Amino acid sequence: MKSNNKKLHLQTKVIHVGNEVSNSSSRDITQPIHLSTTFERNEDGTMGDYVYTRADNPNRKLVEQKIAAIENAAEAISFSSGMAAINALFENLLAPNSHIIIPNDCYHGTRALLHKFFTQKGVTFSEVEMTDLTLIENTVETNTKLIWIETPSNPQLKITDIEAVVNIAAAKKISVACDNTFATSIIQNPLAMGVDFVMHSSTKFFSGHSDILGGIVLAKTITEKSTQIREYQKIAGAVPAPFDCWLLNRSLATFAIRVPLQNANAMAIANYLHAHSKIDQVFYPGLISHKNHDIATKQMIGGFGSIFSVLIKGSEKDALQFASKLNLIKHATSLGGVESLVEHRRSVEGDNPISPVNLLRFSIGIEHVDDLINDIEQALV
Ligand code: PLP
């Protein structure tokens with residue numbers, strides 16, 4: 001595509017960036033799936049654009065170009081899952097015996113990766129209440145190499161002030177990375193706020209249909225570290241398959257219309273639940289009652305997302321019973337899809353669960369909001 005990508009609106013970027021398929025002899029409008037794992041050399045023996053699919057593939061290149069353009073990143077490096085993307089960042093930013101600061105409420109897989117594997121290399125980690133900036137500052141050690149932000153956090157939707165953390169880290173020459181999965185690029189751009197790397201589980205909103213796994217690392221600028229992560233992708237080989245990239249590209253085309261609808265539905269349902277007598281608390285950054293609604297308003301420029309958690313009045317059994325009474329909203333893990341889901345988080349958090357026993361996390365889809373509220377209403381009686 002010859003036009004300047006940076007000038008395009010998001011709705012146009014998600015359809016056109018990287019979609020240079022009309023050069024092929026068949027002049028496709030959408031990119032075909034390139035399943036070939038190997039590519040023929042030029043007649044003079046030199047390599048062409050592609051050599052071997054672990055190193056690169058046309059379907060992968062397209063989604064990487066598109067996602068880099070969506071979030072105005074210098075480059076996007078894709079992986080076979082969100083966890084593979086997090087692992088690539090940790091492998092390349094955390095030297096043996098270094099230290100990392102993570103939020104005390106964050107995706108349990110991130111914590112488990114550090115706890116089960118990186119501690120074996122002498123890496124230490126501190127789980128910090130990231131709404132307390134002084135605490136973050138006081139937790140920095142001489143060997144701290146990375147501050148990991150997840151905002152809104154999973155599952156308590158805590159909000160971290162991204163710019164404030166970037167300032168703390170810059171003063172101490174520490175890298176900052178942000179898991180932007182919950183917010184999405186439509187809502188929040190941590191790279192523009194000074195974060196070095198952004199990570200997404202593209203399994204969630206980029207995919208939007210609960211049918212592929214994927215992960216993305218976005219780099220603000222091309223640096224020695226980003227080049228190293230690109231190399232790590234190719235050599236360690238946790239790369240997404242061409243079919244998954246093709247599906248992801250197809251899903252991205254509707255990203256800019258799915259997410260705003262999901263956000264609007266979530267806002268309406270969060271307000272409904274906030275006023276409901278059987279609900280103790282709603283964690284949603286869009287509610288004025290949220291502890292850091294003001295910071296969310298400052299940095300979540302495109303809405304407040306479509307994930308919220310609630311504390312049901314009652315016990316774990318009451319929470320599980322409510323989840324099982326829902327008909328449209330299925331009780332299942334994951335989030336970001338067009339279909340609404342609810343999940344009792346504590347039961348999937350593994351060895352060291354952190355969620356309250358009566359917490360249920362909702363991921364709101366694009367169904368009609370009245371149908372979703374009716375479903376919740378009949379389950380709460
Ligand atoms: N980060 C967050 C916030 C998540 O919710 C998840 C998965 O639920 C991940 C990372 C890991 O992504 P994946 O399941 O694609 O490996």
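Note that the numbering runs from 1 along the sequence shown for the chain. As the structure lists them, so they are numbered: ligands from 1, and atoms in each ligand from 1. Because the structure is predicted, anything quoted here is derived from the model rather than measured.
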Checklist entry - Do the side chains of Ile257 and Ile70 join up, straight or via other hydrophobic residues, at under 4.5 Å, putting them in one cluster? => result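 No, because Ile257 and Ile70 fall into different hydrophobic clusters, even though each may have its own neighbours under 4.5 Å.
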Checklist entry - Does the separation of the ring centres of His293 and Phe304 fall below 6.0 angstrom? => result yes
Write none if no such pair exists; otherwise list each N/O atom of ligand 1 with its protein N/O partner under 3.5 Å and the distance.
unit_1, atom_1, unit_2, atom_2, d
ligand 1, 1 (N), Asp179, OD2, 2.6
ligand 1, 5 (O), Asn154, ND2, 3.1
ligand 1, 8 (O), Lys204, NZ, 2.9
ligand 1, 12 (O), Ser201, OG, 3.1
ligand 1, 15 (O), Gly82, N, 2.9
ligand 1, 15 (O), Ser201, OG, 2.8
ligand 1, 15 (O), Thr203, OG1, 2.6
ligand 1, 16 (O), Gly82, N, 3.1
ligand 1, 16 (O), Met83, N, 2.8

Checklist entry - Which word best sums up how the rings of Phe206 and His200 line up, parallel for under 30°, tilted for 30 to 60°, or perpendicular for over 60°? => result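 Tilted, since the angle between the ring planes falls between 30° and 60°.
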Checklist entry - If you look only at pairs with a residue in residues 339-377, which of them pass as a ring pair (Phe, Tyr, Trp, His ring centres under 6.0 Å), with sequence neighbours excluded? => result Phe308-Phe362
Item to check | Of all pairs that satisfy salt bridge (charged side-chain N to carboxylate O under 4.0 Å, His left out), the ones with a partner from residues 68-83, not counting sequence neighbours | outcome: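 Non-adjacent pairs meeting salt bridge (charged side-chain N to carboxylate O under 4.0 Å, His left out): Glu75-Arg230.
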Item to check | Residue list, side chain to side chain donor-acceptor pair (under 3.5 Å) with Tyr272, at least two apart or on another chain | outcome: Glu377
